[in-house]
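Heavy atoms only: backbone and side chains are in, while hydrogens, waters and symmetry mates are out. FYI, the numbering just counts along the sequence from 1.
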Amino acid sequence: CGDITYVATVDGWVYTATVIDLHSRKVVGYAVADHLRTSLIVEALAAALLTRKPPPGVIFHSDRGSPTPQQVSSRCAERSGWPSRWAGSARAC
């Protein structure tokens with residue numbers, strides 16, 4: 001499962017994308033940046049893949065709070081071996 005949050009700092013906004021394994025309830029990937037571009041989500045997903053090495057058939061879910069997760073291409077899913085399905089309204093990856 002994934003989500004994005006942001007915090008106002010004296011230097012501007014800071015965005016954090018996290019990927020949580022719902023079975024273990026652990027953060028398995030995250031990324032921090034000063035922008036809310038697709039690369040932030042891709043970086044968090046890549047970290048989760050390296051940390052967890054999920055089996056085929058695993059599904060990634062994210063809410064519709066931001067259009068950015070929907071922009072993550074299904075190519076990410078294909079490269080990782082994850083299915084390219086819709087979970088809620090965000091693309092699985």
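Note that the CZ atom of Arg25 and the CD1 atom of Ile20 stand 11.5 Å from one another [nearest 0.5 Å]. Atom CZ of Arg52 and atom NE2 of His23 lie 8.0 Å apart (nearest 0.5 Å). The CG atom of Leu45 sits 10.0 Å away from the CG atom of Leu40 when rounded to the nearest 0.5 Å. Remark: Tyr30 OH to Thr51 OG1 distance equals 9.5 Å, nearest 0.5 Å.
In this structure the side chain of Val19 never reaches within 4.5 angstrom of the side chain of Cys1, judged on heavy atoms.
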Using a 3.5 Å cut-off and no angle test, enumerate the donor-acceptor pairs between side-chain atoms of residues 6-17 and protein atoms at least two apart in sequence or in another chain.
{"residue": "Thr9", "atom": "OG1", "partner": "Asp11", "partner atom": "N", "Å": "3.2"}
{"residue": "Thr9", "atom": "OG1", "partner": "Gly12", "partner atom": "N", "Å": "3.3"}
{"residue": "Thr9", "atom": "OG1", "partner": "Gly12", "partner atom": "O", "Å": "2.5"}

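Residue Gly29 comes nearest to Ala47 through the heavy atom pair CA-CB, 3.9 Å, listed as atom of the first residue, atom of the second, then distance.
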